[in-house]
Visitor: 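There's a structure below that I have some questions on.
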Amino acid sequence: MKKFFVLRPGTLDQAVQDITNMVDKEVDGGVTSVWLLAEVDHWNNEKERVVVVTENCLLVCKYDFVMLQCEQIQKIPLNFVDRVSHGNFSFPPHSLLSREGEGVRVYWDRSREPSFSSRWNPFATDYPFITFTYHPVRSVNQKFAALCELQNFREALTTAAQEAHTRKPIPGKANGVLVLNQPLLIEAYVGLMSFLGNQNKLGYCLARGNLGF
C-alpha cells in the first residue's frame with residue numbers, strides 16, 4: 001500500500017485543493033463532496049480518479065499524484081443524470097474476463113446506446129455512462145475509508161442530481177433520477193492488456209522501483 005503516491009502525506013490534500021480551485025462556481029456551483037475512487041472503463045481497465053460532486057456537476061478528475069497536477073477533467077451536468085445503478089460486476093457468458101466486488105454506474109442519457117464501433121474501441125470516450133468501484137487504499141485508515149465509500153458517494157450524487165433536476169429541469173426530458181440495484185454488465189470478452197494493467201495497477205500513480213508513474 002505504501003507504493004501508492006496518494007498515501008504520501010499532504011498529497012491528497014494538495015490534489016483536492018488543486019481541483020477545487022479549478023471549479024467555476026458561476027457554472028458548477030459550490031463543491032458538496034470529494035471522493036477517491038477507481039473508474040472501470042468498457043474494456044475493464046481500472047483507473048485512479050478524484051471525483052468531485054458540486055451543486056451542478058459531477059467532475060471526474062485524472063490527477064497525477066507524482067507531479068501533483070490535474071491532467072484531465074470530465075464534466076457531467078447533474079441535471080442530465082437520469083439513472084444510477086449499483087451492484088456486482090458481470091460479463092457476457094463467453095467472456096474470459098472477470099471482476100470481483102461491486103460498483104456504481106452513472107448514466108446521463110438512458111435513451112442512447114453505445115455504437116458497435118465504440119464497444120470494440122478501447123479508447124472510445126462517447127459512452128453515455130461512467131462506472132466506479134472502490135479504490136485499493138480504502139482499507140488504510142478511516143480517512144481513506146470515508147473518501148472511498150461507494151454507498152455514501154452514490155447517495156451524495158443521487159441527492160445532488162435530484163436537487164439539480166429541481167433547480168434546472170431540461171425541457172422534454174423526464175426529471176428525476178432512477179436508482180437501480182442490478183448487475184453492472186461490462187461487455188468485454190478478451191482483454192490481455194486490461195488483465196495485465198489491472199494486475200500491475202497501471203491505472204494508478206505508484207512507486208515502481210526507482211520510478212514513479
Side-chain angles (χ1 to χ4, degrees), residues 1-7 12 15 33-53 58-63 65 74 76 81 83-108 110 114 119 122-125 127-161 177-208:
M1 283 293 182
K2 292 181 179 179
K3 291 184 176 181
F4 286 89
F5 273 90
V6 70
L7 296 178
L12 181 59
S33 60
V34 179
W35 308 89
L36 180 66
L37 303 172
E39 177 187 348
V40 181
D41 71 11
H42 62 294
W43 273 48
N44 198 37
N45 295 297
E46 200 170 299
K47 306 166 185 178
E48 188 171 44
R49 295 291 184 259
V50 177
V51 181
V52 178
V53 180
L58 174 66
L59 307 177
V60 183
C61 312
K62 179 183 179 182
Y63 192 87
F65 289 104
Q74 180 180 4
I76 303 156
V81 172
R83 181 169 28 137
V84 176
S85 297
H86 61 100
N88 293 326
F89 291 99
S90 67
F91 292 83
H94 300 294
S95 175
L96 300 179
L97 300 174
S98 65
R99 171 175 290 277
E100 296 182 356
E102 58 184 310
V104 171
R105 181 169 289 170
V106 183
Y107 297 81
W108 52 88
R110 73 175 73 175
R119 294 176 192 273
F123 305 107
T125 58
Y127 269 65
F129 61 78
I130 190 167
T131 308
F132 301 104
T133 191
Y134 287 106
H135 193 291
V137 302
R138 69 181 177 121
S139 60
V140 168
N141 56 38
Q142 290 185 340
K143 174 184 177 181
F144 281 95
L147 285 168
C148 301
E149 179 50 53
L150 272 180
Q151 180 176 342
N152 293 346
F153 162 70
R154 170 172 54 84
E155 292 173 353
L157 172 67
T158 302
T159 298
V177 181
L178 182 64
V179 179
L180 298 174
N181 184 355
Q182 62 182 21
L184 304 181
L185 177 64
I186 300 177
E187 292 187 274
Y189 292 85
V190 292
L192 179 60
M193 293 307 296
S194 68
F195 174 78
L196 294 175
N198 294 338
Q199 286 290 105
N200 293 285
K201 296 291 188 288
L202 296 183
Y204 297 86
C205 290
L206 289 174
R208 310 177 194 273

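As the structure is a prediction and not an experimental result, all values here were calculated from the model.
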Visitor: From Leu36 CG over to Phe65 CZ, what is the distance, rounded to the nearest 0.5 angstrom?
Guide: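 Here the interatomic distance stands at 5.5 Å.
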Visitor: In terms of side-chain geometry, is the basic nitrogen of Glu46 or Arg99 positioned less than 4.0 Å from the acidic oxygen of its partner?
Guide: yes
Visitor: Please walk me through it: do Val51 and Leu58 pass side-chain contact (heavy atoms from CB on, under 4.5 Å)?
Guide: CA-CA 7 Å; Val51 181; Leu58 174 66; 3.5 Å; yes
Visitor: Would you mind listing every salt bridge (Lys or Arg N to Asp or Glu O under 4.0 Å) that reaches into residues 128-137, with sequence neighbours excluded?
Guide: none
Visitor: Are His86 and Glu102 close enough that a side-chain donor and a side-chain acceptor fall under 3.5 Å?
Guide: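 There is no such pair (donor and acceptor under 3.5 Å, judged by atom type) between the side chains of His86 and Glu102.
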Visitor: Would you give the length of the straight line joining atom CG of Leu147 to atom NE2 of His135, rounded to the nearest 0.5 angstrom?
Guide: 10.5 Å
Visitor: With a 4.5 Å cut-off on side-chain heavy atoms, are Ser33 and Val52 touching?
Guide: no
Visitor: Which atoms form the tightest heavy-atom contact between Val177 and Ala161, and what is the distance?
Guide: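 Closest pair (atom of Val177, atom of Ala161, distance): CG2-CB, 3.6 Å.
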Visitor: Can you tell if the side chain of Leu206 reaches within under 4.5 Å of the side chain of Phe4, non-hydrogen atoms only?
Guide: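 Of all side-chain heavy-atom pairs linking Phe4 with Leu206, at least one is under 4.5 Å.
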Visitor: Measuring only between side-chain heavy atoms, which start at C-beta, is Asn45 closer than 4.5 Å to Val40?
Guide: no
Visitor: List the residues meeting ring-ring contact (aromatic ring centres under 6.0 Å, His included) with Phe144, not counting sequence neighbours, and say none if there are none.
Guide: none
Visitor: First locate atom CG of Leu184, then atom CZ of Phe129, and finally report the distance between them rounded to the nearest 0.5 Å.
Guide: 9.5 Å
Visitor: Would a 4.5 Å heavy-atom cut-off, applied to side chains only, mark Cys148 and Val137 as touching?
Guide: yes
Visitor: Who pairs with Gln151 by side chain to side chain donor-acceptor pair (under 3.5 Å), at least two apart in sequence or on another chain?
Guide: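 So Gln151 forms a side chain to side chain donor-acceptor pair (under 3.5 Å) with Glu155.
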Visitor: Looking only at side-chain N and O atoms, does Thr131 offer a donor or acceptor that is under 3.5 Å from a partner on Arg105?
Guide: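 A pair is found: one side chain offers a donor N or O, the other an acceptor, under 3.5 Å apart.
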Visitor: Within a strict 4.5 Å, meaning less than it, do heavy atoms of the Ile130 and Val60 side chains meet?
Guide: yes
Visitor: Please identify each residue that fulfils ring-ring contact (aromatic ring centres under 6.0 Å, His included) with Phe153, with sequence neighbours left out.
Guide: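 In terms of ring-ring contact (aromatic ring centres under 6.0 Å, His included), with neighbours along the sequence ignored, Phe153 is linked to Trp35, Phe132.
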Visitor: Arg49: what forms a salt bridge (charged side-chain N to carboxylate O under 4.0 Å, His left out) with it, not counting sequence neighbours?
Guide: Glu39
Visitor: Considering only heavy atoms from C-beta outward, does the side chain of Ile76 approach that of Val81 to under 4.5 Å?
Guide: yes
Visitor: To the closest 0.5 Å, what do you measure between OG1 (Thr133) and CG (Leu37)?
Guide: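 Result: 8.5 Å between the selected atoms.
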Visitor: Does Pro183 reach the side chain of Asn88, with side-chain heavy atoms less than 4.5 Å apart?
Guide: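 No, every pair of side-chain atoms sits at 4.5 Å or beyond.
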Visitor: Would you call Asn44 and Phe91 a side-chain contact if the rule is heavy atoms closer than 4.5 Å?
Guide: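 Contact flag for Asn44/Phe91 side chains = yes.
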Visitor: Nearest 0.5 Å, please: how far is CG in Leu178 from OG in Ser85?
Guide: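 If we round to the nearest 0.5 Å, Ser85:OG and Leu178:CG are 7.5 Å apart.
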Visitor: Does anything in residues 142-154 form a salt bridge (Lys or Arg N to Asp or Glu O under 4.0 Å)? List the pairs, not counting sequence neighbours.
Guide: Asp13-Lys143
Visitor: I need the minimum non-hydrogen distance between Ile186 and Phe89, along with the two atoms involved.
Guide: CD1-CD2, 3.7 Å
Visitor: Quick check: does any side chain N or O of Glu48 sit under 3.5 Å from a backbone N or O of Cys205, one acting as donor and the other as acceptor?
Guide: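 Looks like yes, one N/O pair under 3.5 Å.
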Visitor: Please report the interatomic distance CG(Leu97) to OG(Ser90), rounded to the nearest 0.5 Å.
Guide: 12.0 Å
Visitor: Grab the two heavy atoms, one from Ala207 and one from Phe5, that are nearest each other, plus how far apart they are.
Guide: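 Result for this residue pair: N-CE1, 3.3 Å.
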